[in-house]
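First up is the structure itself, then whatever we jot down about it.
Position 1 is the first residue of the sequence, and the numbers go up from there.
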Amino acid sequence: MHRVQSEASYRANIEGLMSALQGEGRAIIEQLQQEMAEAAEALNFERAAMLRDRVQALERATTRQTMIGQPDAQYDVIALAQAEPDALAQMFIIRNGLMLASESFPLEHAENEAPAAILASFMQQYYATAESLPPEIILPIAPEEADLLQTWLTSKRDGHKVKLTVPQRGEKRRLVERAAETAREQLALLQAQWFADTHRQERALQELQTELGLKDPPNRIECFDVSTLQGTASVASRVVFVQGVPRKSEYRRFNIKNIPHEGPDDFASMKEALARRFKRYLAALEVDEELPGSLAEKDETWRLLPDLLLIDGGKGQLNAALEVLESFNLREHVPIASLAKRLEEVFV
């Protein structure tokens, strides 16, 4: 029985906290304080202590919430900041007159886009999965296709109207300007961070170029590894780094098909995976007309040669890879190195 009461108390704490974070904190606290006084009067000090702890927790949770306007204010505020080629959306979430959250969203593919188009695209992406929609969204400008967007938002709110407001003066206008200022500050911070990260990556690539004696910085690195599954099946994996950053969209796996009868052969598996990769290179360039058209696929990245080919393994894997490059007349065009884990050695 004690455990059941404990679980019920835990659920009540969570429900109270969620309600408080949605702007209903003061009413809940007042109700709990009344229940606490009644429990103390009835000499139920254990319950009074439990209620006291719950009140304190809710007060801590609501301390940092800022009152915005009227107690019944329910809206989102969205503003944009642009500094080509980057853009950022800033959002204030206001419920029951309280600022519940201030969130920043860096935006991709926003270069050369008009603010109205960026705003419409962001709202569609954000509200497609949002847990709740307010009755009003305050904006700096009208988004593209505002009427259609408003109709769609209303349908997302189960038919309860969502109003898009572009205020020209007053408190709501000040909120938009405050959100816009926050957006500019956040974008400036992010750009400074991106700039620093880019310089660190450039320095690292230059160091790698020097250490491996490469002609150019390895801006595109392709890494190959072979794994054996359950002692029989072999899979080769390729990971790609562009400007020192993982390009996960270009990660690939090759199921090794030509496994010898006596069991997996890492050297042969590496050769097969690399041969299939560079066949795709030729197919993408349409050099060899006899290659099946399916090899070219629709992936234009196959036509890009790596500035550095990294092979997992020692001299054996390196020699196997060199044979493949030789067979495709690429040995002079693709720098290569291998990594031997056991002694942390690099072979070039």
Is the shortest side-chain heavy-atom distance between M123 and L153 below 4.5 Å? yes
Any Lys/Arg nitrogen of E207 or R203 sitting under 4.0 Å from an Asp/Glu carboxylate oxygen of the other? no
Is R252 paired with E250 through a side-chain N to carboxylate O contact shorter than 4.0 Å? no
Of all the heavy-atom pairs spanning A39 and R47, show the shortest one and how long it is. CB-CG, 4.1 Å
Cationic tip of R277 within the cone over F224's six-membered ring, i.e. under 6.0 Å and within 45° of the normal? no
Given the rule that I, L, V, M, F, W and Y join up when any side-chain heavy atoms are under 4.5 Å apart, are M270 and L305 in one cluster? yes
Taking the six-membered ring for Trp, are Y126 and F105 parallel (under 30°), tilted (30 to 60°) or perpendicular (over 60°)? perpendicular
Is it true that a side-chain atom of S327 and a backbone atom of V324 form a donor plus acceptor pair closer than 3.5 Å? yes
Would you call L175 and I94 a side-chain contact if the rule is heavy atoms closer than 4.5 Å? yes
Report yes if the side chains of I311 and L274 come closer than 4.5 Å at any heavy-atom pair, otherwise no. yes
Should V346 and L212 count as side-chain neighbours, where that means a heavy-atom distance under 4.5 Å? yes
Student check: side-chain heavy atoms of Q317 and D312 closer than 4.5 Å: no
Could you verify whether a donor N or O on one side chain and an acceptor N or O on the other, from S121 and Q125, lie under 3.5 Å apart? yes
Close side-chain approach of P135 and K161, heavy atoms under 4.5 Å: no
Taking all non-hydrogen atoms of both residues into account, name the closest pair between E111 and P85 and its distance. OE1-O, 3.6 Å
L164 and A146 have their tightest heavy-atom pair at CD1-O, 3.8 Å
Can you confirm whether more than 12 heavy atoms, excluding those of E332, are under 6.0 Å from its CD atom? no
Could you tell me which non-hydrogen atom of R303 sits nearest to which non-hydrogen atom of A284, and how far apart they are? NH2-O, 2.7 Å
Tightest non-hydrogen contact, residues A236 and I256, listed as CB-CD1, 4.1 Å
May I ask whether V334 and L308 are part of the same hydrophobic cluster, defined by side-chain heavy atoms of I, L, V, M, F, W, Y residues being less than 4.5 angstrom apart, directly or through others? no
Check whether any side-chain heavy atom of D76 lies under 4.5 Å from a side-chain heavy atom of Y127, and answer yes or no. yes
Is there a donor-acceptor pair under 3.5 Å between the side chain of R173 and the backbone N or O of P167? yes
Please identify which of these residues, R238, R247, R280, meets the salt bridge (Lys or Arg N to Asp or Glu O under 4.0 Å) condition with E222. R238
E145 atom CD, over 12 foreign heavy atoms within 6.0 Å: no
Return the minimal non-hydrogen interatomic distance between V162 and I137, and the atom names on each side. CG1-CD1, 4.0 Å
Indicate yes or no: does E272 engage K257 in a salt bridge with an N to O separation below 4.0 Å. no
